[in-house]
A.B. asks: 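Just passing along the structure, written as structure tokens.
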2 protein chains.
Amino acid sequence: MRLTRAGEYAIRCVLYLAMHHDRELIGRKEIAAAMDMPAQFLGKVAQQLAKAGIISIRQGSQGGYELAKRPQDIALLAVIEAIDGEIFLNDCIHRPHSCDRQTICSVHQIWDKARRQLRNTLGGVTLAELAAREKRACAGRSREQPHALQG
Amino acid sequence: MRLTRAGEYAIRCVLYLAMHHDRELIGRKEIAAAMDMPAQFLGKVAQQLAKAGIISIRQGSQGGYELAKRPQDIALLAVIEAIDGEIFLNDCIHRPHSCDRQTICSVHQIWDKARRQLRNTLGGVTLAELAAREKRACAGRSREQPHALQG
DNA sequence: TCTAATAGGATCATTTCAGTCCGATTAATC
DNA sequence: GATTAATCGGACTGAAATGATCCTATTAGA
């Protein structure tokens with residue numbers, strides 16, 4: 001009942017991209033170093049984000065990642081579900097055939113409600129909002145620019 | 001991001017107990033057969049439910065399980081968290097030390113909100129309500145009593 | 001005492017998770 | 001065209017969680 005590491009990394013990645021939306025393309029290593037995750041693993045995650053149309057990737061020398069849409073058009077939910085699949089809180093909703101016993105399906109109405117609420121909350125927040133809030137928080141915290149990284 | 005099997009079984013178990021609240025003590029095998037789960041596994045689950053004070057167990061011949069409180073005093077959330085632990089949707093809330101980078105903590109406010117909503121929804125439903133809804137649904141579905149099981 | 005039940009520790013198979021390795025591919029630059 | 005710097009993507013691996021099952025111990029009614 002929790003976000004996977006891959007999902008967490010995906011969020012960090014797109015958040016970083018959103019916070020540096022002015023720049024063209026950002027290298028995988030830079031993102032990984034700045035957001036503290038394994039660069040190789042980020043590669044896997046990024047491929048899924050690209051398939052989902054959230055980021056676009058350029059290969060080859062000087063390659064890297066960038067958001068495929070505007071930050072205000074990307075919901076947190078989309079990022080998470082691109083990696084971990086659509087959010088289901090219990091199996092029965094996901095696999096109705098595993099629930100042919102109707103006996104407990106009153107419970108599932110509750111689960112379905114909970115699920116809708118959750119997806120609604122996560123779907124209602126965009127990267128633009130998150131990035132803006134991050135920047136405000138960052139500015140209040142330290143005096144040097146948060147742009148610097150690894151030399 | 002989903003309920004474990006053990007959690008699912010726990011719910012089935014207490015729901016069955018709630019639906020037969022008039023009876024004294026119900027044997028593990030009966031519950032397992034009626035609610036379609038492995039009896040041994042139910043044993044494990046039941047121990048946790050007992051530790052959490054949700055059911056009480058009588059050992060020995062003619063032993064079995066019963067609810068430790070009235071069905072209207074047991075929330076669905078309590079049952080789930082007795083088995084799977086307190087619900088956390090992401091690690092960072094659970095282990096704040098794993099999140100010393102404040103960079104992404106704007107996201108965590110969202111997660112925290114989502115988590116509160118989820119716990120609220122699951123905490124607002126009692127076994128009494130679920131059992132009543134089940135019985136209504138059952139009555140409308142079949143004509144024989146749903147009490148019968150394995151001879 | 002016998003028997004029917006649960007308790008609970010040990011064990012096990014499977015799946016998921018998290019991550020790494022490495023050759024293939026792509027594209028900019030020399 | 002060769003070199004180089006990047007990502008792609010499949011294979012692999014170790015660790016942990018999950019979903020059980022087995023077996024002995026214990027409990028308590030008959």
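Letters A, B, ... mirror the listed sequences (proteins, then strands); counts begin at 1.
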A.B. asks: Taking for each residue the nucleotide of DNA chain D with the nearest heavy atom, is it Ala39(B) or Gln40(A) whose nucleotide lies nearer the 5' end?
C.D. replies: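 Its nearest nucleotide being more 5', the pick is Gln40(A).
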A.B. asks: Roughly how many Å is it from CZ in Phe41(A) to C1' in dA15(D), rounded to a whole number?
C.D. replies: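 My rounded result for the distance is 14 Å.
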A.B. asks: Hey, what do you get for NE2 (His20(A)) to CG (Leu67(A)), rounding to the nearest 0.5 Å?
C.D. replies: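 Between His20(A) NE2 and Leu67(A) CG, I get 12.0 Å after rounding to 0.5 Å.
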A.B. asks: Roughly how many Å is it from OH in Tyr9(B) to P in dG19(D), rounded to a whole number?
C.D. replies: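 Answer to the nearest Å: 8 Å.
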A.B. asks: Once side-chain hydrogen bond (donor to acceptor under 3.5 Å, both in side chains) is applied, what residue pairs with a partner in residues 118-131 of chain B remain, sequence neighbours excluded?
C.D. replies: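 For residues 118-131 of chain B: Gln117(A)-Thr121(B), Glu81(B)-Arg119(B), Thr126(B)-Glu129(B).
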A.B. asks: Going by heavy atoms closer than 4.0 Å, what residues in residues 43-64 of chain B are next to DNA chain D?
C.D. replies: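 DNA chain D contact set from residues 43-64 of chain B: Lys44(B), Gln59(B), Gly60(B), Ser61(B).
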A.B. asks: Without decimals, in angstroms, what is the distance between Lys29(A) NZ and dC8(D) P?
C.D. replies: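 Atom-to-atom, Lys29(A) to dC8(D), this comes out as 13 Å.
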A.B. asks: Rounded to whole angstroms, how far apart are CZ on Arg2(A) and C1' on dT18(D)?
C.D. replies: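 So the two atoms are 13 Å apart, to the nearest Å.
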A.B. asks: Report the residues that fulfil side chain to side chain contact (heavy atoms under 4.5 Å, CB included) with Ala32(A), sequence neighbours left out, ordered by chain and then residue number.
C.D. replies: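 Here the qualifying residues are Met37(A), Ala39(A), Leu42(A).
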A.B. asks: Sorted by first residue and then second, give each salt bridge (charged side-chain N to carboxylate O under 4.0 Å, His left out) pair with at least one member in residues 58-70 of chain A; sequence neighbours left out.
C.D. replies: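 Listed once each, the pairs are Arg70(A)-Asp73(A).
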A.B. asks: Round to the nearest Å and state the distance from Ile26(A) atom CD1 to dT7(D) atom P.
C.D. replies: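 To the nearest whole Å, that distance equals 12 Å.
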A.B. asks: Suppose we screen for ring-ring contact (aromatic ring centres under 6.0 Å, His included). Which residues come up paired with Tyr9(A), at least two apart in sequence or across chains?
C.D. replies: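 ring-ring contact (aromatic ring centres under 6.0 Å, His included) check on Tyr9(A) returns Phe41(A).
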A.B. asks: Going 5' to 3' along DNA chain C, which nucleotides are the first and last within contact of chain A (any atom under 4.0 Å from a heavy atom)?
C.D. replies: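 Range of nucleotides within reach of chain A: dC17(C) to dA28(C).
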A.B. asks: For Gln72(A), check side chain to side chain donor-acceptor pair (under 3.5 Å) against everything at least two apart and list the hits.
C.D. replies: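 Once residues adjacent in sequence are excluded, Gln72(A) has no partner under the side chain to side chain donor-acceptor pair (under 3.5 Å) criterion.
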A.B. asks: Please enumerate all residues that pass side chain to side chain contact (heavy atoms under 4.5 Å, CB included) together with Ala78(A), with sequence neighbours excluded.
C.D. replies: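 Residues passing side chain to side chain contact (heavy atoms under 4.5 Å, CB included) with Ala78(A): Ile54(A).
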A.B. asks: Tell me the ring pair (Phe, Tyr, Trp, His ring centres under 6.0 Å) pairs involving residues 42-77 of chain B, sequence neighbours left out?
C.D. replies: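 Every pair satisfying ring pair (Phe, Tyr, Trp, His ring centres under 6.0 Å) with a residue in residues 42-77 of chain B: there are none.
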A.B. asks: Roughly how many Å is it from CG in Asp36(B) to C1' in dG19(D), rounded to a whole number?
C.D. replies: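 Rounded to the whole Å, the gap is 14 Å.
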